[in-house]
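These notes are about the structure you will find just below.
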Amino acid sequence: MSAPTGNPYARIDDLLSNVRNFKIIESTLREGEQFANSHYSTETKIKIATMLDQFGVDYLELTNPCSSPQSRADLETICKLGLKAKILTHTRCTIGDAKIACDAGVDGVDVVIGTSQFLREHSLGGKDMVAITKQALEVIEYIKSRGCEVRFSTEDSFRSDLVDLLSIYKAVSQAGVDRVGIADTVGCASPRQVYDLVRTLRGCVSCDIEVHFHDDTGCAVANAFSALEAGATHVDTSVLGIGERNGITPLGALMARMMPSSRDYVLSKYNLKMIKSIEDFVAEEVEINTPFNNPITGFCAFTHKAGIHAKAILNSPSTYEILKPEDFGLTRYVHFTSRLTGWNVIKSRISQLGLIMTDDQVKEVTAKIKAMADIRPLAIDDADSIIRSFHLELNNGEGQKGQSEQNGQNAQNGQVEA
Ligand SMILES: CC(=O)SCCNC(=O)CCNC(=O)[C@H](O)C(C)(C)COP(=O)(O)OP(=O)(O)OC[C@H]1O[C@@H](n2cnc3c(N)ncnc32)[C@H](O)[C@@H]1OP(=O)(O)O
Ligand SMILES: O=C(O)CCC(=O)C(=O)O
Ligand SMILES: [Zn+2]
């Protein structure tokens, strides 16, 4: 039987996949508020909500209004902004929380309750699954009666008993829940475990499936992708991944992961050029730096250094880039001042400087740059000076000065463009 897509690795199972049809539940204003440094003012919440709405996220999830009077007031304020994104809040599985949530004017309530032995014993005072299921069904019925969308999640899903999980998900699905959620609360799940659980659940419930992954073991993005491959429909994210401990699936990194698989879908829905400004705003608010290796916006995410890479990138950026910086409103940088540089990129720099040399001469000046870079790190100006001096020597200090200065304007940004 032929494969469903042009992907050589595609399998029949990929018919389940939602990698080209998923929704984002953006939780910077809920999970992200649980990040150690977060303390959002009302204005900051409005700004974050507005930016994420313009970016195109489908849902915004806000902190439980029972948390504090200001949390409740802020939720009501965001609900009244008239954003395109649906506004959700996140509550415990109690009628009391659900009532206050619905009263705030939300579009939907994300209800959660722990199902693992750890949480049932140490968080919920020893509740069994029968009691938890009864409580869930009552709360779901209440939220539906208030005309709000309702999602039911099990907390710590991956350390919960599979039969318990499937039983409660079936019960809430039959009760008409809009979505069920799987939460890797402690970040213990691997992509394969995620695939298996989501796929199994997909066969048991007819409603949408939301997934929430913590990043304690570095799998939050991979797990989100795996979940979508297995048929999940909604992914929880936060900007830069901020959340409890080291956080959850980052919005930007998820976009980076989805682009190679679902470019047209992602570009049609999300305003990728906003990622940097959204991340910069949130990073400043919570007083963190964007990690150097952050997908898309890490300071060197589109920097190419080694000579072998530089040569190929200059010929065709696709050789060493799976993401295009221009899709995110960014530019690439081709490094040419290190001991790892090569004559091809130096040749390109020479041409940017408006100078003319034979290939042998380019190789000779490349050797000089490498020798100097062996002694100390070189700035762009240092490498350019070596090139210019060598060029002057070649011409005995005569001629070409005017031409160099004029063409040198093109090199002002110190960047070898591919
Ligand atoms: C994995 C997650 O991130 S879940 C979301 C976490 N979010 C939050 O905690 C929001 C911020 N939290 C708060 O402001 C407070 O914890 C509140 C307002 C929710 C509750 O505060 P308090 O009433 O003082 O209780 P406290 O936080 O000490 O304990 C939690 C209580 O909720 C119960 N509980 C915990 N989870 C759930 C749940 N999912 N459903 C129902 N009850 C729950 C606990 O058993 C405990 O009950 P107890 O009062 O009988 O001991
Ligand atoms: O409600 C959910 O699905 C997730 C709750 C949460 O933040 C977690 O379990 O880590
Ligand atoms: Zn979480």
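Just so you know, ligand 1 is whichever comes first in the structure, and atom 1 is the first atom listed for that ligand. These numbers were taken from a predicted model, which means no experiment stands behind them.
Taking every non-hydrogen atom of Glu155 and a distance limit under 4.0 Å, the qualifying atoms of ligand 1 come out as 1 (C). Numbered from 1 in the order shown, with element, the atoms of ligand 1 that lie under 4.0 Å from a heavy atom of Thr94 read 41 (C). The His214 neighbourhood of ligand 2 comprises atoms 10 (O), with distances under 4.0 Å to a heavy atom of that residue. Contact atoms of ligand 1 toward His90: 4 (S), 5 (C) (distance under 4.0 Å to a heavy atom of the residue). Residue contact check: Val112 has heavy atoms under 4.0 Å from atoms 38 (C), 39 (N), 40 (N) of ligand 1. In the vicinity of Glu155, heavy-atom distances shorter than 4.0 Å reach the ligand 2 atoms 9 (O).
The angle subtended at the Zn ion (ligand 3) by NE2 of His212 and NE2 of His214 is 100°, given to the nearest 10°.
The side chain of Gln34, and not its backbone, has at least one atom closer than 4.0 Å to an atom of ligand 1 (non-hydrogen atoms only; side chain from C-beta on). No part of Lys127 comes within 4.0 Å of ligand 1, judged by heavy-atom distances. For Glu244, no heavy-atom contact with ligand 1 is shorter than 4.0 Å. Counting heavy atoms under 4.0 Å from ligand 1, residue Ser123 touches it through both backbone and side chain. Contacts between Glu31 and ligand 2 below 4.0 angstrom, taking non-hydrogen atoms only, involve the side chain exclusively.
Shortest contact from atom 9 (O) of ligand 2 to any protein heavy atom: Thr185 OG1, 2.6 Å. The protein atom (non-hydrogen) at minimum distance from atom 25 (O) of ligand 1 is Arg92 NH1, 4.4 Å.
Counting non-hydrogen atoms of neighbouring residues, nucleotides and ligands closer than 6.0 angstrom, the CZ atom of Arg192 reaches no more than 12 such neighbours.
Under the 30°/60° scheme for interplanar angles, the aromatic rings of Phe213 and Phe158 are found to be tilted.
One of the N, O or S atoms belonging to Glu31 lies under 2.8 Å away from the Zn ion (ligand 3).
Ser17 and Glu229 share no donor-acceptor pair across their side chains, judged by distance under 3.5 Å alone. Counted by atom type alone, Glu279 and Asn294 present one or more donor-acceptor pairs between their side chains at under 3.5 Å.
Across the listed options Arg151, Glu61, Arg179, Arg151 owns the non-hydrogen atom lying nearest to atom 2 (C) of ligand 2.
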